[in-house]
Amino acid sequence: QVQLVESGGGLVQTGGSLRLSCTVSGRAFTNYPMGWLRQAPGKEREFVAAISWAGETTFYADSVQGRFAVSRDYAKNTVYLQMNSLKPEDTAVYYCASSGVEYGPMVRERYAYWGQGTQVTVSS
């Protein structure tokens, strides 16, 4: 059974930083692209960032480009989202997700497996 467990959310002031973690079990972590998405209250879920299965390529939503960074640690089966210069509009539940396509491309949607989500709240 594939499981994704997130941690690292919390309350931070505008301009602050947080690092989210997502540990994957139950499948070969190395073979699948990973992504982060978020959902704010009353809004649809939106793509935030993705990293290739080999870890050498990333891409980001325009709204977080230059402020967020996604990375992965193969020894720990963990993907990270470093969030800097946080803004109130970054407030959301953040989800990590795993692609269902082994050695496939990075994607903005259609992920196969999801974590439970972690709340990030940025106060103004």
Side-chain angles (χ1 to χ4, degrees):
Q1 181 179 358
V2 179
Q3 288 190 317
L4 286 70
V5 179
E6 299 123 336
S7 61
L11 174 64
V12 64
Q13 292 186 333
T14 296
S17 298
L18 283 174
R19 188 177 80 157
L20 306 183
S21 301
C22 173
T23 300
V24 181
S25 62
R27 71 173 353 186
F29 174 75
T30 56
N31 300 351
Y32 297 88
M34 297 289 297
W36 288 93
L37 298 91
R38 68 186 181 186
Q39 187 166 21
K43 295 186 177 181
E44 293 186 354
R45 187 164 55 197
E46 64 174 357
F47 169 79
V48 175
I51 186 166
S52 63
W53 63 268
E56 84 284 9
T57 308
T58 58
F59 80 99
Y60 301 91
D62 290 344
S63 58
V64 306
Q65 180 75 48
R67 300 187 298 121
F68 290 12
V70 58
S71 61
R72 61 195 300 169
D73 184 334
Y74 294 94
K76 296 181 178 180
N77 280 8
T78 298
V79 61
Y80 301 99
L81 184 67
Q82 177 66 45
M83 306 185 294
N84 300 324
S85 302
L86 282 162
K87 306 175 181 180
E89 51 264 43
D90 294 318
T91 295
V93 176
Y94 283 71
Y95 299 89
C96 73
S98 177
S99 168
V101 180
E102 193 172 16
Y103 304 117
M106 294 178 291
V107 294
R108 290 180 173 267
E109 56 186 9
R110 295 191 301 274
Y111 285 92
Y113 299 98
W114 295 82
Q116 81 285 357
T118 186
Q119 177 71 47
V120 171
T121 303
V122 185
S123 63
S124 56

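Just the heavy atoms: all of them, side chains too, but no hydrogens, waters or symmetry mates, feed the values below. For the single chain, residues carry numbers from 1 onward in sequence order. Please read all numbers here as calculations on a predicted model, not as lab measurements.
- Connection of Val12 to Val48 is established within a shared hydrophobic cluster, with ILVMFWY side chains joined at heavy-atom distances below 4.5 Å, either directly or through further cluster members.
- Leu81 and Tyr111 fall into different hydrophobic clusters, where Ile, Leu, Val, Met, Phe, Trp and Tyr side chains are chained together by heavy-atom contacts under 4.5 Å.
- A side-chain donor from one of Asn84 and Ser17 sits under 3.5 Å from a side-chain acceptor of the other.
- Gln39 places no side-chain N or O within 3.5 Å of a backbone atom of Ala92 that could act as its donor or acceptor partner.
- Listed here is the closest heavy atom pair of Arg27 and Ser98: NH1-OG, 2.5 Å.
- Nearest heavy atoms, Leu11 versus Ser123: CD1-CB, 4.3 Å.
- Shown here are the side chain to side chain contact (heavy atoms under 4.5 Å, CB included) partners of Glu89, two or more places apart in sequence or in another chain: Lys87.
- Met83 approaches Leu20 most closely through the heavy-atom pair CE-CG, 3.8 Å.
- Heavy-atom neighbours of Gln13 CD from other residues, nucleotides or ligands within 6.0 Å: at or below the threshold of 12.
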Inset, instruction - In sequence, state the C-alpha distance, the side-chain angles, and the governing distance for Val24 and Tyr113, and then conclude on side chain to side chain contact (heavy atoms under 4.5 Å, CB included). - result: CA-CA 10 Å; Val24 181; Tyr113 299 98; over 6 Å; no

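- Note that SG of Cys96 is 4.0 Å distant from CD of Glu6, once rounded to the nearest 0.5 Å.
- Using modelled atom types and a 3.5 Å distance limit, the side chains of Thr91 and Thr121 yield no donor-acceptor pair.
- Between Phe59 and Phe47, the ring center distance clears the sub-6.0 Å criterion.
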Inset, instruction - Decide side chain to side chain contact (heavy atoms under 4.5 Å, CB included) for Trp114 and Leu37; before the verdict, give the C-alpha distance in whole Å, the side-chain angles of both, and the deciding distance to 0.1 Å. - result: CA-CA 10 Å; Trp114 295 82; Leu37 298 91; 3.7 Å; yes

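- Taken to the nearest 0.5 Å, the OH atom of Tyr94 stands 9.0 Å off from the CG atom of Leu18.
- In plain terms, the two heavy atoms of Met106 and Ser52 that are nearest each other are SD-N, 3.4 Å.
- The nearest pair of heavy atoms linking Tyr74 to Ala54 is OH-C, 2.8 Å.
- Remark: the backbone N or O of Val70 is paired with a side-chain donor or acceptor of Tyr60 at under 3.5 angstrom.
- Separating the CD atom in Gln82 from the CZ atom in Phe68 is a distance of 9.5 Å, to the nearest 0.5 Å.
- Not one N or O on the side chain of Gln116 forms a donor-acceptor pair closer than 3.5 Å with the backbone of Val5.
- Trp36 is connected to Val64 through a chain of hydrophobic side-chain contacts under 4.5 Å among Ile, Leu, Val, Met, Phe, Trp and Tyr, so both are in one cluster.
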Inset, instruction - Assess whether side chain to side chain contact (heavy atoms under 4.5 Å, CB included) is satisfied between Tyr80 and Arg72, documenting all intermediate values. - result: CA-CA 6 Å; Tyr80 301 99; Arg72 61 195 300 169; over 6 Å; no

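- A distance-only check finds no donor-acceptor pair linking the side chain of Ser99 to the backbone of Pro33 [under 3.5 Å].
- When all heavy atoms are compared, the tightest approach of Val79 to Phe29 is N-CZ, 4.1 Å.
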Inset, instruction - Decide side chain to side chain contact (heavy atoms under 4.5 Å, CB included) for Val120 and Arg38; before the verdict, give the C-alpha distance in whole Å, the side-chain angles of both, and the deciding distance to 0.1 Å. - result: CA-CA 9 Å; Val120 171; Arg38 68 186 181 186; over 6 Å; no

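- Atom-to-atom distance recorded for Thr30:OG1 and Trp53:CH2 is 8.0 Å, nearest 0.5 angstrom.
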